[in-house]
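This is the structure I want to talk about, given as structure tokens.
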Amino acid sequence: MPVVKFIKLFPGNILGPDFMSGIKNIFPDLIFMPTGGVDTTRQSIETWFNAGVSAVGMGSKLISKEVMQFDAYETIEKETKRVLDLIATIRS
């Protein structure tokens with residue numbers, strides 16, 4: 001029988017950090033990652049990590065359709081680096 005260790009919380013914007021805070025203690029051995037509605041702001045990311053997640057998933061909040069449409073790879077690289085640096089700061 002497979003053992004679940006990693007849970008994707010979707011949609012994050014509906015469940016929210018309060019939901020995560022409420023269930024984290026019930027499942028202390030599980031790793032959680034919200035997706036859907038995690039903004040690229042310090043406030044959003046920090047709120048999720050303070051609620052107990054181990055990672056955050058970002059799609060269109062990080063890489064918009066417009067950026068993809070114009071093949072703005074430099075923008076994707078710059079924004080991804082900014083968010084990864086922000087996460088590193090929050091987690092340290």
Side-chain angles (χ1 to χ4, degrees):
M1 180 190 297
V3 177
V4 175
K5 296 192 181 253
F6 182 87
I7 304 292
K8 174 183 171 182
L9 296 177
F10 178 82
N13 60 326
I14 301 297
L15 296 171
D18 289 339
F19 174 81
M20 180 65 237
S21 293
I23 66 167
K24 181 63 178 163
N25 291 335
I26 299 170
F27 305 103
D29 298 328
L30 295 181
I31 297 168
F32 293 91
M33 178 186 78
T35 64
V38 179
D39 290 320
T40 62
T41 64
R42 180 181 184 100
Q43 179 182 0
S44 176
I45 296 168
E46 193 166 38
T47 300
W48 279 107
F49 277 103
N50 287 341
V53 302
S54 297
V56 291
M58 296 178 192
S60 62
K61 298 285 185 172
L62 180 62
I63 303 171
S64 69
K65 289 181 184 178
E66 183 177 270
V67 168
M68 292 299 292
Q69 179 183 0
F70 293 107
D71 297 330
Y73 300 116
E74 191 174 297
T75 300
I76 294 169
E77 180 181 1
K78 180 181 170 187
E79 185 64 6
T80 301
K81 182 175 179 356
R82 184 190 70 77
V83 170
L84 288 173
D85 289 345
L86 180 59
I87 291 169
T89 300
I90 290 168
R91 295 196 72 189
S92 63

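Keep in mind that what you see is a predicted model, and the values were worked out from it rather than measured.
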(message) With clusters defined by side-chain heavy atoms of hydrophobic residues (ILVMFWY) lying less than 4.5 Å apart, directly or transitively, does M33 cluster with L62?
(response)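 No; tracing contacts between hydrophobic side chains, which count when under 4.5 Å, never links both residues.
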(request) Answer yes if W48 and I26 sit in the same cluster of Ile, Leu, Val, Met, Phe, Trp and Tyr residues linked by side chain heavy atoms under 4.5 Å apart, and no otherwise. (result)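 Per the 4.5 Å side-chain linkage, W48 and I26 are co-clustered.
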(request) Report the residues that fulfil salt bridge (Lys or Arg N to Asp or Glu O under 4.0 Å) with D18, sequence neighbours left out, ordered by chain and then residue number. (result) none
(request) Please name the pair of heavy atoms, one in V4 and one in L30, separated by the smallest distance, quoted to 0.1 Å. (result)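 Taking V4 first and L30 second, the nearest heavy atoms are O-CD2, 3.2 Å.
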(message) Suppose the criterion is salt bridge (charged side-chain N to carboxylate O under 4.0 Å, His left out): which pairs have a residue in residues 27-55, not counting sequence neighbours?
(response)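 Passing the test, one end in residues 27-55: D39-K61, R42-E46.
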(message) Between V53 and I23, is there shared hydrophobic-cluster membership here, with clusters defined by ILVMFWY side-chain heavy atoms closer than 4.5 Å?
(response)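 Same cluster.
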(request) Nearest 0.5 Å please: distance from the CE atom of M68 over to the OH atom of Y73. (result) 6.0 Å
(request) Mind checking the CD1-CE spacing from I63 to M58? Nearest 0.5 Å is all I need. (result)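 Reported value, rounded in 0.5 Å steps: 10.5 Å.
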(message) When you compare the side chain of F19 with that of L9, does any pair of heavy atoms fall below 4.5 Å?
(response) yes
(message) With a 3.5 Å distance limit and no angle check, can you tell me whether S44 reaches the backbone of T40 through a side-chain donor-acceptor pair?
(response) no
(request) Verify the cluster assignment for V38 and F10: are they in a single hydrophobic cluster under the rule of side-chain heavy atoms below 4.5 Å apart? (result) no
(message) As an exercise, state the distance from CE of M20 to CG of L15, rounded to the nearest 0.5 Å.
(response) 10.5 Å
(message) Within this structure, what is the OG1-CD distance for the pair T75 and E77, rounded to the nearest 0.5 Å?
(response)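 Taking OG1 in T75 and CD in E77, the distance rounds to 10.0 Å.
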(request) Under the side chain to side chain contact (heavy atoms under 4.5 Å, CB included) rule, collect the residues that match up with I31, sequence neighbours excluded. (result)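 Residues passing side chain to side chain contact (heavy atoms under 4.5 Å, CB included) with I31: F6, S54.
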(message) I'd like to know if the side chain of S92 reaches the main chain of T89, judged simply by a donor and an acceptor atom lying under 3.5 Å from each other, with no hydrogens or angles considered.
(response)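 Here the side-chain-to-backbone pair exists.
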(request) Taking atom NZ of K24 as the centre, report whether more than 12 heavy atoms of other residues, nucleotides or ligands fall under 6.0 Å from it. (result) yes
(message) Tell me whether D85 at atom CG has more than 12 heavy atoms from other residues, nucleotides or ligands lying less than 6.0 Å away.
(response)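 Correct, the count exceeds 12.
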(request) Might you point out which heavy atoms bring A51 and P17 nearest each other, and give the distance in Å? (result)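 Heavy-atom minimum between the residues: CB-O, 3.4 Å.
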